[in-house]
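Remember, predicted model here, so these are calculated numbers, not experimental data. Worth knowing before you read on, the calculation uses all heavy atoms, side chains too, and leaves out hydrogens, waters and symmetry mates.
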Amino acid sequence: MKSKDGKNRSRGRSAMKVLIDAAAAPAALVYPAYADEPFPFRLGEAGRKAESVTWLYGRTEGDDDVLAAGMGRRGELTLERVRRAGGASARALLREGRGNALLVREPSGLSGAAVTVAGGIAAAEWLQAWLEGWMLGLYRFDAFRQATKTEGDVELLLRSEDWPEMSGDELEAVVRTARNRTAGVMLARDRVNEPPEALNPERFAEWMAEYFSRDDAPVKVRVYRGQELAERRMNGLIAVGAGGRHEPALVEIRYEGDPRLPMLALVGKGVTFDMGGMNVKTGRDISDARMDMGGAAAVVGAMDILLRERAKVNVTALIPVVDNLPDSRAMLPSSVIRYPNGLTVQVANTDGEGRLILADALIHAANIGAAEAIDIATLTGNIGVALGLGIAGIWGDEEMTRELVEIGERNGERLWPMPLMDEYEAELRSDYADLRNVSGSTLAGAITAALFLRRFVTDSMRWVHIDMAGTVQYKQDVGYSEAGATGYGARLLADYAVKRAQR
């Protein structure tokens with residue numbers, strides 16, 4: 001959203017303030033506590049377990065209050081564990097009403113290799129991970145709260161003497177990078193958390209055009225809607241959006257940080273509310289139908305990170321936005337959609353709408369010259385059944401998959417490679433069109449969805465598909481994510497774009 005001073009503001013809130021060598025006295029000290037290692041205060045092994053936080057209150061007025069952040073064994077440390085410790089610490093301080101806290105890197109008496117490296121993690125990586133977890137842990141989507149709004153923030157204080165491996169400028173750079181990355185994730189969270197009266201296809205498209213149109217970066221935004229969709233035969237979008245009162249659109253955001261590089265297309269599913277169309281969803285609470293644009297939000301967040309970092313990449317975001325609602329004008333089961341690549345699709349179930357609009361975007365990606373494409377979508381409930389809520393599935397090009405999996409293991413947005421089983425494609429056969437939009441079987445729905453999308457990828461374009469339906473939200477606070485949208489995918493896509501440009 002845009003404030004009166006012209007700057008784009010987050011709908012949610014998070015403490016983004018990190019002070020280096022501040023004169024202010026800290027309200028508390030935060031110590032990482034590793035298992036089986038000396039600690040300056042009495043602390044049991046339970047307080048050293050990963051993701052645990054333990055308050056050690058000063059006995060007298062002059063003593064500092066200490067928060068021990070459990071890290072587990074140093075040799076088993078991961079960047080994700082550091083992020084979660086940072087998020088848990090920030091939340092604990094917020095609950096106690098502490099306005100700031102000093103992060104004490106190591107208990108006194110530890111030096112040398114123990115200070116320089118923790119579990120094989122360099123100091124700058126450790127600190128960036130902690131900062132990301134801290135900032136994201138304090139995120140709250142409270143734009144619509146009144147009486148129950150959580151007040152207060154927590155500033156993080158750092159001492160440059162605790163980070164001898166880095167100069168002052170390098171330390172500032174780590175803080176800046178963490179701030180840029182978390183801003184992109186929070187932007188994605190905001191979009192997913194928005195209720196339908198605040199975010200619909202028309203408003204979403206307008207917001208993207210407004211947010212990404214700027215004079216200080218090589219970025220261009222184009223919104224295809226109405227007659228332009230018809231001229232480009234984006235018939236999936238037109239058919240899915242027929243039942244909604246808000247006009248569908250395809251938003252194209254081109255960022256040419258280095259136009260000499262081959263183009264990477266990031267394709268994000270943007271169904272701002274999914275009632276299932278004429279195959280209407282039912283349930284006691286289906287309010288998370290507003291979250292079916294988590295893929296679009298991930299792409300928006302990734303583009304925001306790349307722009308903030310002024311990354312030398314050549315990336316185009318393609319975001320089809322639409323509502324999938326029942327109405328007298330809505331697409332009907334058994335309808336046939338004709339695509340410009342020559343394929344016809346029988347709509348066997350109108351709740352399989354995501355793949356219909358992604359097909360439009362993948363065809364468009366090839367038409368504008370993309371060398372690689374990543375589509376990311378809250379596509380199937382089947383993927384959550386297979387993998388749970390902590391990891392997304394990925395299909396497609398083996399090299400791209402391998403790189404994305406490696407990136408996800410480091411930044412916490414994990415992926416599991418899934419097979420493209422050619423023989424399962426028989427389940428997509430139609431009696432009167434080239435293929436159906438959903439399988440004739442109740443099994444392997446996530447795989448057959450990926451197989452459907454593959455039919456719309458040209459041989460000239462390398463491609464992977466990410467099904468993030470399980471990872472788009474948490475039902476309760478987990479790690480550095482509050483209940484609601486996780487912002488999954490923003491860092492994953494941005495990191496891949498940067499790594500790809502460095503090949």
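For the atom pair CZ (Arg503) and CD (Glu399), the distance works out to 5.0 Å, reported to the nearest 0.5 Å. With values rounded to the nearest 0.5 angstrom, Lys312 atom NZ is found 7.5 Å from Asp258 atom CG. A distance of 4.5 Å separates CG of Leu158 from CG of Leu156, quoted to the nearest 0.5 Å.
There is a side-chain donor-acceptor pair under 3.5 Å between Ser481 and Arg189. Between the side chains of Gln346 and Asn437, no donor-acceptor pair of N or O atoms lies under 3.5 Å. Side-chain polar atoms of Trp463 and Asp375 form a donor-acceptor pair below 3.5 angstrom. There is no side-chain donor-acceptor pair under 3.5 Å between Tyr139 and Glu482. There is no side-chain donor-acceptor pair under 3.5 Å between Tyr211 and Glu206. Using a 3.5 Å distance cut-off with no hydrogens or angles, the side chains of Asn314 and Glu256 do not pair a donor with an acceptor. With 3.5 Å as the limit, one finds no donor-acceptor pair spanning the side chains of Ser439 and Ser441.
Looking at every heavy atom in both residues, Val299 comes nearest to Ala317 through CG1-CB, 3.4 Å. Scanning all heavy atoms of the two residues, the minimum distance from Pro419 to Ile447 falls at O-CG2, 3.5 Å.
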Show your working on side chain to side chain contact (heavy atoms under 4.5 Å, CB included) between Thr177 and Asn180 and close with a plain yes or no.
CA-CA 5 Å; Thr177 296; Asn180 289 342; 5.6 Å; no

Go through the steps for Arg355 and Thr380 under the test side chain to side chain contact (heavy atoms under 4.5 Å, CB included), then give the verdict.
CA-CA 10 Å; Arg355 63 204 71 182; Thr380 69; 3.9 Å; yes

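Here the side chains of Arg308 and Met303 are not in contact, with every heavy-atom distance at 4.5 Å or above. The shortest distance between side-chain heavy atoms of Ile394 and Met418 does not fall below 4.5 Å. For the pair Phe273/Asn200, no side-chain contact is recorded, criterion being any heavy-atom separation below 4.5 Å from C-beta on. Residues Met234 and Glu228 are not in side-chain contact: their nearest non-hydrogen atoms beyond the backbone lie 4.5 Å or more apart. A 4.5 Å side-chain heavy-atom check between Asp304 and Val300 finds every atom pair outside the cut-off. Between Arg181 and Asn411, the closest side-chain pair of non-hydrogen atoms falls below 4.5 Å. With a 4.5 Å cut-off on side-chain heavy atoms, Glu372 and Met461 do not count as touching.
Using a 30° and 60° split on the angle between ring planes, Trp126 and Trp163 fall in the tilted class, from 30° to 60°.
Glu252 and Arg254 are joined by a salt bridge, as a carboxylate oxygen and a charged side-chain nitrogen come within less than 4.0 angstrom of each other. One finds no salt bridge joining Arg500 and Glu403 here, because no Lys/Arg side-chain nitrogen approaches an Asp/Glu carboxylate oxygen to under 4.0 Å. Salt-bridge check for Glu80 with Arg414: failed, with every basic side-chain N at 4.0 Å or more from each acidic carboxylate O.
Looking only at distances, a side-chain donor or acceptor of Asn324 sits under 3.5 Å from a matching main-chain atom of Thr350.
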